[in-house]
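Okay, so here's the structure we're looking at.
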Amino acid sequence: MAGRRCARTPALPLLLPARRLRPPTPLPAPPETPTGHRRFLVLHGAGLGEAAAWALRFSPLVGRLGADALLIETTGLPEAEPALLARVLAAFARAGLPATGLLGAAPAALGALLRAGHPPAVLTPAEETAALPLLPVTALALPPETILALHRLGLRDLAALEAQPRAPLARRFGGALMTELAALRGAVAPYTPIRPPPRHVAACDFLEPLLTAPALAHALHRLVAELCEGLNAAGHGARALRLTAFRGDGSWQELGQGIGQASRDPAHVERLLARRIEELRPEFGFERMMLAAPVTELLEARQSNLAPEAGPEEALPQLLDRLGQRLEVWRLIPHASHWPERAQRRASPFAPAAPFTPAPRPLRLLRRPLPLEAVALLPDAPPSLLRQGGRAERVVSAEGPERLTPEWWQPGRQAPPRDYYRVQLASGARWWVCRRGEPGTPDARWFLHGYLF
Amino acid sequence: MFARPAPLPDRSTTLARLRDRLARLDHTAQDRDTLPVTPEINQHLPWGGLPLAGLHELLSDAPGHATAFAALLLARAQARLARRAALWIAAEPDAYMPGLAGLGLDATRLFLLRAPRQRDALWAAEEALRSPAIAAVLLLGARTLDMTAARRLQLAAETGGGIALLLREEASTPGPTTALTRWRITPRAAPATPHHLGPPTWEVALLRARGGRPGAWLLQWDPATGQLTTTLPAAAPAAERRRA
């Protein structure tokens with residue numbers, strides 16, 4: 001801006017207030033947060049453990065601390081910490097789960113302080129260190145018998161406990177007490193997030209709860225654009241997507257969507273997800289939506305085409321994604337078996353393909369063979385007349401038999417052997433028929449198993 | 001002194017120009033890629049072959065022979081449009097690749113799609129035909145296809161450039177269609193001995209071709225060389241007399 005203003009011709013009468021060009025005032029420095037330290041928010045309240053998944057709206061890293069406490073890792077969140085704490089507590093109160101919380105560096109210490117009745121606050125490490133010695137032993141996460149034994153010894157608060165030599169304490173009370181003491185002093189006890197954090201997330205908050213499909217579609221458009229931008233910058237493509245929509249009342253809904261080939265094409269991702277919008281049920285409206293890519297793959301950068309549509313290399317996986325979303329799609333791969341039904345297998349359309357070796361086999365194999373009535377001159381001769389569904393077909397010529405015996409190494413009851421004939425009917429059609437069972441025995445039966453040409 | 005009257009344009013050049021203009025108006029008549037069937041049939045068809053980017057109907061009551069003809073066209077479309085795939089849509093797809101491979105169909109570029117309802121099948125066919133990644137779509141078992149659905153398929157095929165094949169169970173009185181061609185496939189008993197079936201033979205009747213004449217041929221498939229040959233033009237069938 002400054003450059004443009006200087007470039008104006010000086011003859012023009014500028015009706016600008018006399019203002020000196022000043023360098024912009026620096027942004028207010030964020031409230032001093034210790035850098036290089038992890039920050040945690042510990043929440044206490046009845047039944048909070050149930051709401052762990054809902055708390056994912058605040059941070060991708062959420063852990064459970066028992067049934068009534070939650071741990072939210074806030075390291076690196078852009079919001080100022082007091083504002084964040086106020087927002088989280090307000091959101092929980094609105095959702096009908098009144099909670100109290102402390103934001104600080106050592107989750108164990110924060111939990112103990114909350115149990116001791118500390119009001120909600122943001123604690124600097126110095127404040128935390130100052131508050132800890134006054135902590136009563138009853139607030140520690142220890143079994144009741146340990147606390148009782150400590151009381152009998154006259155150790156009522158943490159200052160007294162920490163003044164004791166460590167070795168006799170460890171000998172008497174075991175590792176649990178030592179671990180707790182270390183955790184209180186900030187040696188962070190590891191926690192397990194309820195979900196592994198996705199590498200790529202895009203989230204959006206709404207002032208007004210979203211209710212209508214066009215509004216959801218618009219929000220989705222923004223989320224997809226943001227997610228794909230992040231994926232592009234990292235050189236990744238998404239293989240799975242997770243759309244989480246949070247309602248105001250503390251409930252949420254999640255949609256999962258797989259992608260056959262890693263993609264970060266916004267048009268494709270949006271088209272896939274747009275079909276699923278109708279599954280979302282915004283009862284009283286969504287106030288936050290989050291789109292994450294939990295599974296990603298490296299995807300090399302490719303110059304985008306001048307033409308808007310994708311080339312054949314990307315178009316095929318995208319088409320299969322779209323078809324597979326509504327209907328069942330598969331490809332056929334060969335399998336080493338002489339038994340007709342097992343010679344080919346269904347595979348995912350994205351599975352590696354293999355060519356087939358041509359064989360004198362039908363073009364279409366009936367999933368349920370049609371029973372036939374056959375007339376043959378001799379029990380083991382090829383049929384001369386076939387009757388199917390009230391229609392008689394005269395057999396002009398027949399090739400066979402081709403005897404197939406079942407695979408004895410397969411588990412389960414063995415099927416009887418089959419004698420296959422390729423028959424030419426007088427009408428011109430060609431069938432692949434088989435006699436199941438030994439010829440001449442009463443349980444020998446005829447079936448039409450496929451159509452030849 | 002006087003300007004000479006401009007020489008009247010030659011009659012044949014005028015006709016050629018008009019034909020050219022009409023061809024540009026009608027998308028289907030443009031010079032476009034075609035699939036070869038047999039030399040005789042190619043010569044008979046107005047496009048010099050079976051045009052891609054169009055809808056073609058096959059009628060038959062013999063599932064084997066009709067599938068063979070359709071699979072042959074699928075294989076040729078795969079060969080013609082390299083790196084594109086073929087899609088087989090049916091209520092219960094029962095394609096058997098060990099047999100189909102003999103016709104040259106490439107299993108690595110064939111996808112099967114199960115669509116129990118015709119509405120879904122038509123949606124999938126249209127979606128696939130619009131894509132530039134599809135060489136051919138075979139839609140099996142469509143019963144009655146209204147003109148709108150057929151027209152949509154035709155337009156989708158023109159967008160994507162693939163061929164759409166509609167294999168219908170024999171409809172004795174097939175209604176009007178917007179397809180470019182309509183064929184009836186009838187199996188014929190080949191000269192055979194009681195213990196040898198002989199080469200597969202079938203009669204292919206062109207009932208209707210947009211801008212062309214009906215015809216009928218007796219085709220024979222040679223499994224050893226993989227060649228389709230016309231043995232003799234069969235008698236002209238009772239073709240649909242309706243014009244396109």
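Computed from a prediction, not measured in an experiment: that's the story for all the values here. Each chain gets a letter, A, B and so on, in the order the sequences are listed, and its residues count up from 1.
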I'd like to know whether [atom1] of [X] has more than 12 heavy-atom contacts from other residues, nucleotides or ligands below 6.0 angstrom.
{"X": "A/Trp409", "atom1": "CH2", "result": "yes"}
{"X": "B/Arg152", "atom1": "CZ", "result": "no"}
{"X": "A/Arg403", "atom1": "CZ", "result": "yes"}
{"X": "A/Arg445", "atom1": "CZ", "result": "no"}
{"X": "A/His221", "atom1": "NE2", "result": "no"}
{"X": "A/Arg345", "atom1": "CZ", "result": "no"}

- Item | Counterpart residues, salt bridge (Lys or Arg N to Asp or Glu O under 4.0 Å), relative to A/Arg367 (two or more places apart) | B/Glu92
- Message: Just verifying a value: how many Å separate A/Leu316 CG and B/Ile134 CD1, rounded to the nearest 0.5 Å?
- Response: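 Reported to 0.5 Å precision, the distance equals 6.0 Å.
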- Message: Can you tell me how far apart CE (B/Met97) and CG (A/Leu365) are? Round to the nearest 0.5 Å.
- Response: 13.0 Å
Return the option, out of [options], with the maximum number of heavy-atom pairs under 4.5 Å with chain A.
{"options": "B/Pro98, B/Ala68, B/Ala107", "answer": "B/Pro98"}
{"options": "B/Leu87, B/Asp61, B/Leu112", "answer": "B/Leu112"}
{"options": "B/Ala71, B/Ala121, B/Pro200", "answer": "B/Pro200"}
{"options": "B/Leu110, B/Thr108, B/Asp94, B/Leu113", "answer": "B/Asp94"}

Among [options], which residue has the highest count of heavy-atom pairs closer than 4.5 Å to chain B?
{"options": "A/Ala429, A/Ser427, A/Ala398", "answer": "A/Ala398"}
{"options": "A/Leu319, A/Val423, A/Val396, A/Val395", "answer": "A/Leu319"}
{"options": "A/Arg364, A/Arg331, A/Glu328, A/Arg322", "answer": "A/Arg364"}
{"options": "A/Pro362, A/Ala353, A/Pro382", "answer": "A/Pro362"}

By a 4.5 Å heavy-atom criterion (distance strictly below it), what part of [X] contacts chain A: side chain, backbone, both, or neither?
{"X": "B/Ala85", "value": "side chain"}
{"X": "B/Leu81", "value": "neither"}
{"X": "B/Thr67", "value": "both"}
{"X": "B/Asp106", "value": "neither"}
{"X": "B/Leu103", "value": "side chain"}
{"X": "B/Arg188", "value": "backbone"}

- Message: Between B/Glu127 and A/Arg275 (salt bridge meaning N to carboxylate O under 4.0 Å), is one present in this structure?
- Response: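 Answer for the salt bridge query: no.
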Side-chain donor-acceptor pairs of residues 446-453 of chain A under 3.5 Å, sequence neighbours excluded:
from     : atom 1 : to       : atom 2 : distance (Å)
A/His449 : ND1    : A/Tyr420 : OH     : 2.9

Please look at [X] and chain B and tell me whether the side chain, the backbone, both or neither of the residue comes under 4.5 angstrom of a heavy atom of that chain.
{"X": "A/Ala359", "result": "both"}
{"X": "A/Ile333", "result": "neither"}
{"X": "A/Pro360", "result": "neither"}

- Task: Using the side chain to side chain contact (heavy atoms under 4.5 Å, CB included) rule, pick out the option among A/Leu323, A/Leu332, A/Val329 that qualifies with B/Phe111.
- Result: A/Val329
- Message: Closer than 3.5 angstrom, by distance alone: can the side chain of A/Arg422 be matched with the main-chain N or O of B/His196 as a donor-acceptor pair?
- Response: no
